[in-house]
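Naming: A, B, ... by sequence-line order, numbering from 1 per chain.
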Amino acid sequence: MITKKFVLLDIDYITRNQEPVVRLFGKLLGENEEGHIIVLDKSFRPYIYVVPSDPSHIADCNIHLSDLNLLSVEQVSKNDMGELKEVLKVTFKHPQDIPKLREKILNLKSVKEIREHDIPFYRRYIIDHGLFPLNIVEVQGKVLNSARSSQRPPKTGGPEKSPAPKPCIFQVEKSPTPLESSLPELKFLSFDIEVYNPRGMPQSDLDPIIMISFSSNQGFRKVLSTKNTPDSSDPNGSPLDFVEVVAHEKELLEKFVETVQSENPDVILGYNSDSFDFPYICDRAAKLGVPLKLGIDGSSPKFTRIGFSNSAMIRGRVHIDLYSNTRRYMHLAHHTLERVYLELFGEGKLDIPGDEIHIYWDEGGRRLEALFHYSLNDAVAVTQIGERMLPLSTELTRIVGQPLFDVARMSSGRLVEWYLIRKSFEQGYLVPNKPSSAQLTRREGKHVVGGYVKEPVTGLHENIVYFDFRSLYPSIIISKNISPDSLTSGEDCHISPEYGHKFLKEPVGFIPLAIGQILQDRIKIKSQMKESRDDYQISVLNNQQEALKRLANTFYGLYNHSTFRWYSLKCSESITAWGRDFLKKTMEDSEKQGFKPVYADTDGFFATYVGPMD
DNA sequence: GTGAACCGGGG
DNA sequence: GTGTACGGTTCAC
């Protein structure tokens, strides 16, 4: 058996002989290795948990299940909200059997509820195998094809470029194992398209793509264009060395594909590329008959629905639309590429008004040259923004353990949820179900009293100090053991102010345990940062601790998010009650120390220092 | 005031 | 795809 090591970039499954085959896509590591690997694993099957109506007659439940076309049913013990339960682990032949059969199973009289029936198969796979995307994975098995073919499509002119090696296809024979992780450098390629738009916003059935520009984090820069500036002796050359002229739009798209293949990036970056660039490219390529073999497996982009919008997936690579990141993490009124660039780098970006692009194009000469610069500049700006924003997403990926593609598109609440789903697996807990629409309506109707507000004392205050409580909420959850599985009606417990909700002192609840681990990891990383002398390592560690901080601070508030699987009104009310209690008590204490609070709102308060009282 | 509808960003 | 965002603002009554 051969061993291969790679960085896990992407995961999916395909169906072969009606059976699921998981594919792990990675960037190869190690001596004499380059390029990408596709690992095939045929050994994993989907499953759900079934909670019986009558635990003492769990065998009846098993009999009823045997009528369905299942692979196996097995009795297991799981912790459900602090209570140990005997449940059935029901294994199916194919992931798509689950939506087909779960209603039938739920409707069986002997079945009380079904759990973990909505975990996508690829996510289940990496959780159950202990794999983390962007970490190093080792597999043992055999190479199915290691073709290092140097064939390339017929040349259409332009500078010579070495083709990327074809991916190594590998059959797993032993379960993949994660290795000690360090983050290998990822190659990313940004791109941006320009479209001829005499009627305002372009329409993909009418308006051609005229330019595509590229920028990588390894210095590659290029603009492909279907028009040249006239002041060049060579009709195919250009006075600008980064411009490559092609004959027509079809060739432009073919060159686009070739460039992605030869640059062979791990990550593809765009700005609004989920809803503009990729849909537009796909429409034009379909119209002109250009195969968009952008994926590692030669596949074309696929669009997956996330909410009401689509996301473009390039299989085996990671396509990230930085617009979603800037909207999530930068609090600006607008998130145009120009505005975001200004905010991050403090300088303006070369800009051409969108509706004038066709004018610059038609006019040619200096105007066209400006358009070349503008287009390249956009791609370069995307690379720079990526270099600034991605480290947080890559570390969140390695902590939460979901693919970078998903992590880059998830709210921090969802990140926490997937972090907890993995923790549930590790600790033998059953994951709570997503709320039904009826539960959602009920939850949305309930409102929790917010934080304490002290109206500001008017006037100009000097010697202002701010007492910040935001970071205190995680500590409240831990110190009061606020967790749905800790709720009790017994004795010897933490009792929340105002509401009197009771929480067990022991054992540590599922959520407080998770937050505790996050905070401990963060402390450990911070001390490693102090010891390290390696700048790259320090920056990675810093991103890790930032990611952990983000996760820890997200927990507060989640108990009151209607879609959160661990939603709990009692937990939510108790946090704010203890929060108000702490805030008021600390304000009182501060007055004893010579401070005078002038304004307070939920997370903290402002005070002036007036000197010690006599 | 309140709930529904719309919008973002891209050329 | 073991699927269906989100939060802020404006609109219509």
**Item:** Polar contact flag, side-chain donor to acceptor under 3.5 angstrom, A:Tyr271-A:Asp277
**Value:**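 On atom types as modelled, these side chains do not qualify, holding no pair under 3.5 Å.
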**Request:** Under 4.0 Å between any heavy atoms, over every strand shown, what does A:Ile357 touch: base, sugar-phosphate, or nothing? Just pick one.
**Result:**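 Sugar-phosphate contact only - A:Ile357 comes under 4.0 Å of backbone atoms but never of a base.
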**Asked** For the pair made of CZ in A:Arg123 and P in C:dG3, what is the distance, rounded to whole Å?
**Response**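 Spelled out: CZ on A:Arg123 to P on C:dG3 is 11 Å.
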**Asked** So what does A:Lys302 touch, heavy atoms closer than 4.0 Å: a base, only the sugar-phosphate, or nothing?
**Response**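 Nothing, no heavy atom under 4.0 Å.
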**Prompt:** Ring centroid separation for A:Phe92 and A:His117, is it under 6.0 angstrom?
**Reply:**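 Ring centres of A:His117 and A:Phe92 not closer than 6.0 Å.
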**Prompt:** Where the side chain of A:Phe121 is concerned, which of C:dG1, C:dT2, B:dG11 is the nearest nucleotide?
**Reply:**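 Per side-chain heavy atoms of A:Phe121, the pick is C:dT2.
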**Item:** Rounded distance (Å) that lies between atom C1' of B:dG9 and atom OH of A:Tyr323
**Value:**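 Going from A:Tyr323 (OH) to B:dG9 (C1'), I get 4 Å.
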**Request:** Determine, for A:Lys287 against A:Asp205, whether the closest basic-nitrogen to carboxylate-oxygen distance falls under 4.0 angstrom.
**Result:**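 The answer is no: the pair does not qualify as a salt bridge.
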**Asked** Under a 4.0 Å N-O cut-off, is there an ion pair linking A:Arg339 with A:Glu343?
**Response**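 Salt bridge between A:Arg339 and A:Glu343, a charged N being under 4.0 Å from a carboxylate O: yes.
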**Request:** Could you tell me whether A:Tyr13 contacts a base, only the sugar-phosphate backbone, or nothing, with contacts defined as non-hydrogen atoms closer than 4.0 Å?
**Result:**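 Sugar-phosphate, no base atom in range.
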**Prompt:** Which residue, A:Arg327 or A:Gly200, contacts DNA chain B at a nucleotide closer to its 5' end, judged by nearest heavy atom?
**Reply:**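 The residue closer to the strand's 5' end, by nearest nucleotide, is A:Arg327.
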**Under-4.0 Å salt bridge between A:Arg565 and A:Asp118** =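 Judged by the 4.0 Å cut-off on N to carboxylate O distance, A:Arg565 and A:Asp118 do form a salt bridge.
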**Request:** Verify the contact: side-chain N or O of A:Lys434 to OP1 or OP2 of C:dG3, cut-off strictly under 4.0 Å; return yes or no.
**Result:**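 No.
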**Request:** Give a yes or no on whether a salt bridge exists between A:Lys222 and A:Glu244, defined as a side-chain N under 4.0 angstrom from a carboxylate O.
**Result:**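 Yes, charged N to carboxylate O under 4.0 Å.
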**Message:** Between B:dG9 and C:dG8, how many Å separate the two P atoms, rounded to a whole number?
**Reply:**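 After rounding to an integer number of Å, I get 15 Å for this pair.
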**Asked** Which one of A:Ser309, A:Ser311, A:Ser393 satisfies the side chain to side chain contact (heavy atoms under 4.5 Å, CB included) criterion with A:Arg409?
**Response**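 Among A:Ser309, A:Ser311, A:Ser393, the one meeting side chain to side chain contact (heavy atoms under 4.5 Å, CB included) with A:Arg409 is A:Ser311.
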**Nearest-Å distance for atom pair CG/P, residues A:Asp406 and C:dG3** =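 To the nearest whole Å, that distance equals 14 Å.
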**Asked** What integer distance in Å separates A:His335:NE2 from C:dT9:P?
**Response**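 Distance check: A:His335 NE2 to C:dT9 P gives 12 Å.
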**Message:** Using a strict heavy-atom distance below 4.0 Å, which residues from residues 271-288 of chain A are in contact with DNA chain B?
**Reply:**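 Nucleic-acid contacts, sorted: A:Tyr271, A:Asn272, A:Ser275, A:Phe276.
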**Message:** Under the side chain to side chain contact (heavy atoms under 4.5 Å, CB included) test against A:Pro133, which residue among A:Thr397, A:Leu24, A:Asp10 passes?
**Reply:**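 With A:Pro133 as partner, A:Thr397, A:Leu24, A:Asp10 yield a single side chain to side chain contact (heavy atoms under 4.5 Å, CB included), made by A:Thr397.
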**Request:** Please work out if A:Gly270 contacts a base, only the sugar-phosphate, or nothing of the nucleic acid, heavy-atom cut-off 4.0 Å.
**Result:**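 The residue A:Gly270 makes no contact with any strand.
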**Asked** Among residues 100-117 of chain A, which contact DNA chain C at a heavy-atom distance under 4.0 Å?
**Response**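 When residues 100-117 of chain A is checked for heavy atoms under 4.0 Å from DNA chain C, the hits, listed by number, are A:Arg102, A:Glu116, A:His117.
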**Asked** Counting any heavy atom closer than 4.0 Å, what does A:Asp378 reach on the DNA or RNA strands: base, sugar-phosphate only, or nothing?
**Response**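 Sugar-phosphate: the residue A:Asp378, judged by heavy atoms under 4.0 Å, touches backbone atoms but no base.
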**Request:** Please report, rounded to the nearest Å, how far the P atom of C:dC6 is from the NE2 atom of A:His561.
**Result:**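 Taking NE2 of A:His561 and P of C:dC6, I get 9 Å after rounding.
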**Message:** Closest approach to the side chain of A:Pro46, judged atom by atom: which nucleotide of B:dG11, C:dT2, B:dG10 is it?
**Reply:**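 The answer is C:dT2.
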**Prompt:** Base, sugar-phosphate, or nothing for A:His358, non-hydrogen atoms under 4.0 angstrom?
**Reply:**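 Nothing, no heavy atom under 4.0 Å.
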**Message:** Between A:Phe191 and A:Phe278 (judged by ring centroids, cut-off 6.0 Å), do the two rings come close enough to count as a pair?
**Reply:**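 Yes, the ring centres sit under 6.0 Å apart.
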**Item:** Whole angstrom value for the distance that separates C1' of C:dT4 from CG of A:Asn310
**Value:**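 From A:Asn310 CG to C:dT4 C1': 11 Å.
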**Message:** Need one value for A:Pro99: base, sugar-phosphate or nothing, where a base atom within 4.0 Å counts as base even if backbone is also close, heavy atoms only.
**Reply:**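 Contact class for A:Pro99: sugar-phosphate only.
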**Prompt:** How long is the line joining CG of A:Asp97 and P of C:dG1, in whole Å?
**Reply:**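 So the two atoms are 17 Å apart, to the nearest Å.
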**Item:** Nucleotide of C:dT2, B:dG10, B:dG11 approaching A:Ile119 most closely (side-chain heavy atoms)
**Value:**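 Side chain of A:Ile119 sits closest to C:dT2.
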**Nearest-angstrom distance, C1' atom, C:dC6 to C:dT2** =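 Comparing C1' positions in C:dC6 and C:dT2 gives a spacing of 24 Å.
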**Message:** Is it the case that the side chains of A:Asp378 and A:Ser375 hold a donor-acceptor pair, with the cut-off being a distance below 3.5 Å and no angle test?
**Reply:**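 Not at all, the side chains of A:Ser375 and A:Asp378 share no donor-acceptor pair under 3.5 Å.
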**Prompt:** Heavy atoms under 4.0 Å, any strand shown: does A:Tyr374 hit a base, just sugar-phosphate, or nothing?
**Reply:**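 Sugar-phosphate, no base atom in range.
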**Asked** How far does the P atom of B:dG8 sit from the matching atom of C:dT4, given to the nearest Å?
**Response**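 Looking at atom P only, B:dG8 and C:dT4 are 26 Å apart.
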**Message:** Rounded to whole Å, how long is the line connecting atom CG of A:Asp321 with atom C1' of C:dC6?
**Reply:**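 Value for this atom pair: 15 Å.
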**Message:** By the 4.0 Å heavy-atom rule, please label A:Arg409 as base, sugar-phosphate, or nothing.
**Reply:**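 If one applies the 4.0 Å heavy-atom cut-off, A:Arg409 turns out to touch nothing in the nucleic acid.
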**Item:** Which atom of A:Lys93 lies closest to which atom of A:Leu70, heavy atoms considered
**Value:**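 Taking every non-hydrogen atom into account, CE-O, 4.4 Å.
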**Asked** Which one, B:dG10, C:dC6, C:dT2, comes nearest to the side chain of A:Pro95?
**Response**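 For the A:Pro95 side chain, the nearest candidate turns out to be C:dT2.
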**Request:** Select one nucleotide: of C:dG3, C:dC6, C:dT2, the one nearest the side-chain heavy atoms of A:Arg124.
**Result:**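 Per side-chain heavy atoms of A:Arg124, the pick is C:dT2.
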**Message:** If I pick the P atom on C:dG3 and the same atom on C:dG7, what distance separates them, to the nearest angstrom?
**Reply:**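 It comes out at 22 Å once rounded to the nearest Å.
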**Message:** For A:Phe121 together with A:Phe44, are the ring centres under 6.0 Å from each other?
**Reply:**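 Yes: the rings meet the under 6.0 Å criterion.
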